[in-house]
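All values below were derived from every heavy atom in this structure, side-chain atoms included, with hydrogens, water molecules and symmetry-related copies excluded. Just follow the structure's listing: the first ligand is 1, and inside any ligand the first atom is 1.
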Amino acid sequence: MNPAVVSCRSCEGAALEVFLDLGTTPLADRLVEDRDAEEPTFPLEVAFCTDCSLVQILETVPPSVLFQEDYPYYSSFSPALLRHTRENVAALITERRLGPDSLVLEPASNDGYLLANYVEAGIPVLGIDPAEGPASEAQRKGVRTINTFLTRDLAQSLQDDGVSADVIHANNVLAHVADTNGFVAALEILLADDGIVVIEVPYVRELINNCEFDTIYHEHLCYFSVTSLSHLFERHGLRIRDLREVSIHGGSLRLFVGRGGLQGDRVRSALQSEFNHGLQEFSFYRNFQEDVERLRDELVALLTSLKGAGHSIAAYGASAKGSTLLNYTGIGLDLLDFVVDRNTHKQGKFMPGQHIPIHGPEHVLSHRPDFLLLLAWNFAEEIMTQQAEYKELGGRFIVPVPSPAIV
Ligand code: DWN
């Protein structure tokens with residue numbers, strides 16, 4: 001068993017208060033190939049640091065276990081994510097006047113979904129990703145990628161070799177690193193003096209307000225507010241200069257971080273708003289367990305009622321969040337016949353814990369379930385548009401979050 005953290009992953013204080021226990025669960029992205037094989041499970045408890053406001057899980061599963069060779073998440077299977085990324089990159093190329101003498105670096109570059117946009121514009125890039133499959137895919141696309149984790153030591157070695165990035169993208173990675181301070185220190189080492197780090201993280205305010213408990217799994221060690229991020233970056237001589245709220249992944253923050261400089265109006269306003277809403281107080285998180293239990297009971301009751309009335313139910317999106325939702329609620333093969341997903345690396349495997357089979361999206365029309373539970377609810381619009389024929393034939397969708405609803 002891995003040692004649970006007893007001190008905050010950011011400020012290293014001991015003031016951690018647990019407010020959510022999702023039980024002991026399998027790894028959300030460890031899809032099952034052999035249903036008889038033993039599945040490792042780990043506790044999933046969430047705590048709030050009353051010193052620096054960081055929300056975090058207590059368990060640290062070794063990154064080498066989480067992001068191993070068959071890590072199945074490939075960003076390029078989500079068209080909405082690709083559009084979101086393309087728009088962000090185009091704006092940055094213009095604003096930062098990037099060109100052939102620039103360098104854009106991305107830790108957790110996955111399958112090159114983001115950096116490929118810079119390569120297309122003739123701008124030099126360097127990706128860093130520990131997952132062999134996605135990293136190999138990126139290299140096939142012509143995205144220069146180092147297949148490893150970004151650490152403080154690697155950053156120092158790259159800096160010694162002259163690497164200095166004008167833009168660093170860090171999308172959905174800051175929450176994933178076991179050495180939070182070491183990772184931020186690595187960003188500071190690799191950032192050019194007038195460079196900018198563009199960081200995207202799911203916003204913990206949305207997680208709590210919309211009961212997005214299924215976005216909690218062992219890959220996500222931290223859940224950020226602007227308040228907790230500000231403490232973290234200031235500790236390393238970095239400052240949040242500007243920010244945007246973006247809708248991706250159920251509501252995220254896009255932060256623009258540089259060496260010192262002015263904390264812009266949007267940042268000050270966000271910090272004040274968080275203070276007014278109490279995100280720096282334990283009381284903001286205190287009732288979340290009850291909210292999650294209520295959502296669980298409502299969702300199980302809805303699916304049980306539909307099944308009891310003779311309806312068939314399947315699910316769309318073999319997502320990591322889907323694993324948390326199924327394993328915490330206990331929704332399994334008694335209620336769901338199958339899951340579909342566009343990601344070909346996931347097809348033919350089974351959902352962790354519940355061992356529900358994963359097929360391609362064509363299975364929806366060939367098997368015509370009466371209802372489709374959207375385990376990738378963050379892409380609901382895109383998926384429902386894509387499944388227009390299923391809907392025309394009378395198929396209905398169930399959105400589980402923020403509260404179960406048939407749409
Ligand atoms: O941090 C992470 C988040 C950002 O993405 C990673 N650790 C893992 C991953 O979490 P997730 O699996 O919950 O994320 P997604 O992107 O919500 O998963 C969506 C799933 O749905 C993917 O497997 C792709 C699939 N999909 C599909 O089959 N058809 C997605 C779309 C948009 C579609 O049209």
Any N/O pair [X]/ligand 1 closer than 3.5 Å:
{"X": "A320", "answer": "yes"}
{"X": "K321", "answer": "yes"}
{"X": "D29", "answer": "no"}
{"X": "R342", "answer": "yes"}

Please identify which atoms of ligand 1 are closer than 4.0 Å to at least one heavy atom of [X].
{"X": "E219", "result": "6 (C), 7 (N), 8 (C)"}
{"X": "N378", "result": "17 (O)"}
{"X": "H220", "result": "1 (O), 2 (C), 7 (N)"}
{"X": "K346", "result": "22 (C), 23 (O)"}
{"X": "Y71", "result": "6 (C), 7 (N), 8 (C)"}
{"X": "H176", "result": "1 (O), 2 (C), 6 (C), 7 (N)"}

Side chains of D111 and S76: is there a donor and an acceptor less than 3.5 Å apart? yes

Could you tell me whether the side chains of H169 and Y118 share a donor-acceptor contact shorter than 3.5 Å? yes

Ranking Y74, W377, F379, Y73 by closest non-hydrogen atom to atom 9 (C) of ligand 1, top hit is Y73

Out of F67, Y316, Y217, F77, the nearest non-hydrogen contact to atom 3 (C) of ligand 1 is supplied by Y217

Decide side-chain hydrogen bond (donor to acceptor under 3.5 Å, both in side chains) for H249 and E212; before the verdict, give the C-alpha distance in whole Å, the side-chain angles of both, and the deciding distance to 0.1 Å. CA-CA 10 Å; H249 293 308; E212 297 172 1; over 6 Å; no

With sequence neighbours left out, what residues match E219 under salt bridge (charged side-chain N to carboxylate O under 4.0 Å, His left out)? none

Parallel under 30°, tilted from 30 to 60°, perpendicular over 60°: which one fits the rings of H359 and H367? parallel

Relative to the ring of H345, is the ring of Y74 parallel (under 30°), tilted (30 to 60°) or perpendicular (over 60°)? parallel

For [atom], closest protein heavy-atom neighbour:
{"atom": "atom 20 (C) of ligand 1", "answer": "D341 OD2, 3.6 Å"}
{"atom": "atom 30 (C) of ligand 1", "answer": "S78 OG, 3.8 Å"}
{"atom": "atom 19 (C) of ligand 1", "answer": "A376 CB, 3.9 Å"}
{"atom": "atom 34 (O) of ligand 1", "answer": "Q386 NE2, 2.7 Å"}

Could you walk me through whether E200 and S252 pass the side-chain hydrogen bond (donor to acceptor under 3.5 Å, both in side chains) check? CA-CA 7 Å; E200 283 190 13; S252 296; 5.5 Å; no

Run H218 and L44 through side chain to side chain contact (heavy atoms under 4.5 Å, CB included) and show every step you take. CA-CA 7 Å; H218 297 96; L44 194 48; 3.8 Å; yes

Salt bridge (charged side-chain N to carboxylate O under 4.0 Å, His left out) partners of residues 365-388, not counting sequence neighbours, each pair once: R83-E382

Start with the C-alpha gap between S273 and R205, add the side-chain angles, then the distance that decides, and say whether side-chain hydrogen bond (donor to acceptor under 3.5 Å, both in side chains) holds. CA-CA 11 Å; S273 171; R205 185 196 68 195; 4.9 Å; no

Would you mind telling me if ligand 1 is within reach of the side chain of S319, the backbone, both or neither, using heavy atoms under 4.0 Å? both

Run the side chain to side chain contact (heavy atoms under 4.5 Å, CB included) check on T25 and T41 step by step: do they pass? CA-CA 5 Å; T25 73; T41 59; 5.9 Å; no

